[in-house]
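To start, the structure under review is shown below, and the notes come after it.
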Amino acid sequence: MASSFESSLSSSLSGRQTLSTTAPSMADSLPSINFGFDELRDRMAKFSAKFDAFIEQGRKRVLEERNQFRMSIAELQEDQRMKKKDMEILQHKTNTHQQMISKEAAETREMQAAIASLSAQRDKNKATRDALKQQIAETQKEIDARLAAQREHAKYVESQSRFNVPELDFWMQNLCLKIEGAGQTDRLKFVYTHIDEKNWEREAWFELSTSSKDYDVKHCRPKLEREKVDRVLERVNETRDLAVLLKGMRELFVEAMKS
């Protein structure tokens, strides 16, 4: 721009000089004017240098700010990634903790159910134990009562045995009778012979139970009618005379043999 201006100015000046050579001009009478083109050129060059430096600084600043922005974005993204990872870890821990709580709650319910079942079983066993204790106590009372009755009966039998022994020997000789054990401590077996006229060696027997105060016939051979046996036992238990039993049972056996 300055060069075109200078070329146009030099052209006009050269034209004017050409005209001045030919004819005098009014410009020759004007005073000379110094427009300061050199200074203007220098100033414009300095301005251009400053402008270029400003642009360069601005570009550098923009680049630095853009790089800084990118670095900030990268740091934020990294922070976001780390926070996301931390959140995932925390969520995993939360889920694990929740599962543990659920498992512990289930185990607690199972333990409570087991405790309730054991408590019910304990109460049932306690009730059963108390019932068994009561039953044992009642059984023990009954046993004690029976033992006492047996002892009393044993005392009575022992007191009567002194009187019954001579009489028993008499009946054993005269009734062809012998006394044996019946395999139990509270039973005696009375065996008769000379009952059957056709066979004097044929035996007839009965078992007498002494487990209670009243006598009782448990077994006999040959079989006798129970009513007749009960009538004999009734007389014996009333009189407490063993001879009545021995004589009455022999008569029943003789009658059975004849029939």
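If you're wondering where the values come from, they're calculated on a predicted model, not measured in any experiment.
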Heavy-atom closest contact ([X] atom, [Y] atom, distance):
X      : Y      : result
Asp144 : Arg151 : O-NH2, 4.5 Å
Val244 : Val232 : O-CG1, 4.3 Å
Lys258 : Glu197 : CE-OE2, 4.4 Å
Arg187 : Ser209 : CG-CA, 4.2 Å
Phe253 : Pro222 : CE2-O, 3.6 Å

Please round to the nearest 0.5 Å and tell me the distance separating atom [atom1] of [X] and atom [atom2] of [Y].
X      : Y      : atom1 : atom2 : value
Glu107 : Met100 : CD    : CE    : 9.5 Å
Arg129 : Ile136 : CZ    : CD1   : 11.5 Å
Glu255 : Leu224 : CD    : CG    : 9.0 Å
Arg235 : Tyr215 : CZ    : OH    : 15.5 Å
Gln57  : Glu64  : CD    : CD    : 10.5 Å
Leu252 : Glu225 : CG    : CD    : 9.0 Å

Is there a side-chain contact between [X] and [Y], using heavy atoms and a 4.5 Å cut-off?
X      : Y      : answer
Lys223 : Arg221 : yes
His97  : Ile101 : yes
Ile143 : Glu138 : no

Residues, nucleotides or ligands: over 12 heavy atoms within 6.0 Å of [X] [atom1]:
X      : atom1 : answer
Glu227 : CD    : no
Gln135 : CD    : no
Glu78  : CD    : yes

Scan Gln91, Gln98, His92 and name whichever one has a side chain to side chain donor-acceptor pair (under 3.5 Å) with Asn95.
->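 Of the listed residues Gln91, Gln98, His92, the side chain to side chain donor-acceptor pair (under 3.5 Å) partner of Asn95 is Gln91.
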Ile195 and Arg250: CA distance, side-chain angles, deciding distance, side chain to side chain contact (heavy atoms under 4.5 Å, CB included) verdict = CA-CA 8 Å; Ile195 294 177; Arg250 182 178 179 83; 3.8 Å; yes
Could you tell me whether the side chain of Tyr192 and the main chain of Phe206 form a donor-acceptor pair under 3.5 Å?
->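 A pair under 3.5 Å: no.
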Does any N or O in the side chain of Ser72 come within less than 3.5 Å of the main-chain N or O of Gln68, such that one atom is a donor and the other an acceptor?
->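 At least one qualifying donor-acceptor pair exists.
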Using the rule that two of Ile, Leu, Val, Met, Phe, Trp, Tyr join whenever any of their side-chain heavy atoms come within less than 4.5 Å, decide whether Leu188 and Trp205 are in one cluster.
->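 Leu188 and Trp205: separate clusters.
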Hphob cluster co-occupancy, Val254 + Val191, side-chain heavy atoms under 4.5 angstrom |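 No, Val254 and Val191 fall in different hydrophobic clusters.
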Relative to the ring of Phe47, is the ring of Phe51 parallel (under 30°), tilted (30 to 60°) or perpendicular (over 60°)?
->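 Rings of Phe51 and Phe47: parallel, under 30°.
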Does the distance from a Lys or Arg side-chain N to an Asp or Glu carboxylate O, for [X] and [Y], drop under 4.0 Å?
X      : Y      : answer
Arg59  : Glu56  : yes
Lys228 : Glu251 : no
Lys218 : Glu207 : no

Residue pair Glu234, Glu238: steps toward the side chain to side chain contact (heavy atoms under 4.5 Å, CB included) verdict = CA-CA 6 Å; Glu234 185 177 356; Glu238 287 178 357; 3.7 Å; yes
